[in-house]
Number of protein chains: 2
Amino acid sequence: MKILVVEDDEMINDAIVEYLSDQHYAVEAAYDGKSAWDLLEVFTYDLILLDVMLPEMDGIALCRKLRNKGMDIPILMLTARDTLDNKIEGLDAGADDYLVKPFELGELSARIRALLRRGGSTTTPVLTWGKLSLDPSTCEVFFDEKELALSPKEYKLLEFFLRNGRRVFSRAQILEHLWSFEQVPEEATVKAHIRGLRQKLESVGAPSNLIETVYGLGYRLGEEP
Amino acid sequence: MKILVVEDDEMINDAIVEYLSDQHYAVEAAYDGKSAWDLLEVFTYDLILLDVMLPEMDGIALCRKLRNKGMDIPILMLTARDTLDNKIEGLDAGADDYLVKPFELGELSARIRALLRRGGSTTTPVLTWGKLSLDPSTCEVFFDEKELALSPKEYKLLEFFLRNGRRVFSRAQILEHLWSFEQVPEEATVKAHIRGLRQKLESVGAPSNLIETVYGLGYRLGEEP
DNA sequence: GAAAAAAAATGAAAATTCTGGTAGTAGAAG
DNA sequence: CTTCTACTACCAGAATTTTCATTTTTTTTC
């Protein structure tokens with residue numbers, strides 16, 4: 001875990017760096033907004049500790065600049081000013097949390113843990129298989145940059161395979177997994193959807209064995225290229 | 001955006017609920033830890049406002065229980081006690097932020113915005129999508145300089161989409177997020193609002209696929225120009 | 001190896017589901 | 001009282017899912 005400490009007061013900066021180093025974080029220091037920006041353009045950090053009052057470029061401006069650039073690193077603001085307006089300004093500029101000076105190092109540490117813990121699990125995984133990729137959040141499917149327009153059942157079918165590696169599934173198993181108990185259709189239905197999927201996949205140049213048939217057993221994903 | 005307020009003091013609870021409702025959030029109230037847990041097992045929320053001191057199950061215990069179950073909803077803790085230990089305990093239990101009573105409602109609102117923003121995909125206070133922009137603080141919506149007059153539900157609907165990028169949401173999911181459970185209407189209602197929104201968008205020249213239909217799955221924002 | 005049997009693929013029609021539009025009611029707001 | 005908003009119901013056209021008859025492929029058996 002790598003943390004950038006942006007704080008112009010050398011004594012405070014040094015104290016924070018030392019404390020966080022003891023907590024086994026990798027820490028780097030910057031003493032003004034501009035040099036912090038320079039570092040951030042080149043290196044990646046897991047979290048930024050950002051003082052509001054800074055020479056060259058203040059914390060809120062830096063924060064805005066980062067967010068505008070699409071960087072979503074957790075930012076913990078440090079502020080000496082305790083007025084409501086400044087807190088709100090900081091949070092609206094895109095900071096994730098703030099701490100009012102003077103603060104205790106124990107609290108700093110707790111807030112850092114809270115922010116880092118949060119960052120980890122927020123990304124939605126995109127499922128891929130060779131050149132094929134499927135994004136469950138947007139329901140988009142691509143093969144080699146080209147988007148496929150799948151029907152709902154075809155989409156679910158493909159997602160099901162992608163979530164299960166190379167496992168073989170019989171048509172009966174597929175029906176059990178993708179259809180609700182109330183109305184399970186004939187196995188012929190699965191055949192039909194498999195066919196639809198294969199057709200659409202081939203139409204964008206996917207190899208014909210992407211979904212392969214295992215005679216007598218069922219279907220599975222073909223070898224990953 | 002749906003918020004659960006867990007606070008045993010009825011007066012405070014009511015005040016918060018009323019204030020947040022005015023801010024166009026869908027709000028539900030719970031008055032003890034156990035009933036909060038029951039609600040959370042069944043419904044989905046975008047944020048929890050959680051008092052530390054509660055009958056049945058205290059806030060920290062509830063927080064732990066949620067995190068252990070893998071739920072990563074943003075949690076904002078409310079505490080009357082101002083000692084460092086309790087703050088740290090709350091944050092380590094998995095809370096994302098805390099607020100010490102008594103607090104100003106303006107600050108509560110700012111922190112809620114900050115937490116919700118982190119969960120979603122947007123980092124700027126003004127949400128935009130191509131030529132479309134929506135300012136949550138003023139509730140103004142513009143497309144290409146032209147202002148749209150949206151009804152409250154249409155506004156919420158649009159904000160919800162704007163906060164979630166290209167994610168697909170079924171009508172049922174939309175109902176869960178934008179309506180309080182006491183009065184969840186039929187799915188036809190969502191259709192009606194989608195329609196209203198599309199009409200108003202088109203009337204100012206927005207592309208008709210700005211809110212696009214994903215057959216059988218739901219709705220989402222169309223490709224960003 | 002070739003015929004028979006089993007399994008899978010194909011094509012196309014029937015049944016079902018989904019969506020967008022119209023219309024109308026109830027209730028709140030002004 | 002009028003206007004705006006939220007909600008429902010219903011319908012037709014479109015898209016999808018399902019079924020079924022037929023052909024092709026693979027396996028089994030002799």
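The sequence lines fix the lettering, A, B, ..., with proteins before strands; numbering per chain opens at 1.
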Side-chain N,O ([X]) to OP1/OP2 ([N]) below 4.0 Å:
| X | N | result |
| --- | --- | --- |
| A:S151 | D:dA15 | no |
| A:H193 | D:dT18 | yes |
| B:R195 | C:dT22 | yes |
| B:W179 | D:dC7 | yes |
| A:T213 | C:dA7 | no |

Whole-Å gap separating [atom2] ([N]) and [atom1] ([X]):
| X | N | atom1 | atom2 | result |
| --- | --- | --- | --- | --- |
| A:I211 | C:dA9 | CD1 | P | 11 Å |
| A:R171 | C:dA6 | CZ | C1' | 11 Å |
| B:L201 | C:dG20 | CG | P | 14 Å |
| B:D22 | C:dA29 | CG | C1' | 15 Å |
| A:N209 | C:dA9 | CG | P | 13 Å |

Practice problem: Give one of base, sugar-phosphate or nothing for A:Y219, where a contact means two heavy atoms less than 4.0 Å apart. | Solution: sugar-phosphate

Quiz item: When all nucleic acid strands are considered with a 4.0 Å heavy-atom cut-off, which category describes A:K191: base, sugar-phosphate, or nothing?
Solution: base

Self-check item: Nearest-nucleotide comparison on DNA chain D, the residue closer to the 5′ end among B:P152 and A:Q183
Solution: B:P152

Quiz prompt | Other residues, nucleotides, ligands: >12 heavy atoms within 6.0 Å of A:K146 NZ | solution = yes

Quiz item: Is it true that A:F169 and A:F160 have ring centroids separated by less than 6.0 Å?
Solution: yes

Practice problem: Ignoring the backbone of B:Y215, work out which of C:dG20, D:dA15, D:dT26 is nearest its side chain. | Solution: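 So the side chain of B:Y215 is nearest to D:dA15.
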
Quiz item: Closest approach of B:I174 and B:W179, non-hydrogen atoms and distance?
Solution: O-CE3, 4.0 Å

Exercise. Inspect the contact between B:E187 and B:R171 and indicate whether a charged nitrogen and a carboxylate oxygen are less than 4.0 angstrom apart.
Key: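 A salt bridge links B:R171 with B:E187.
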
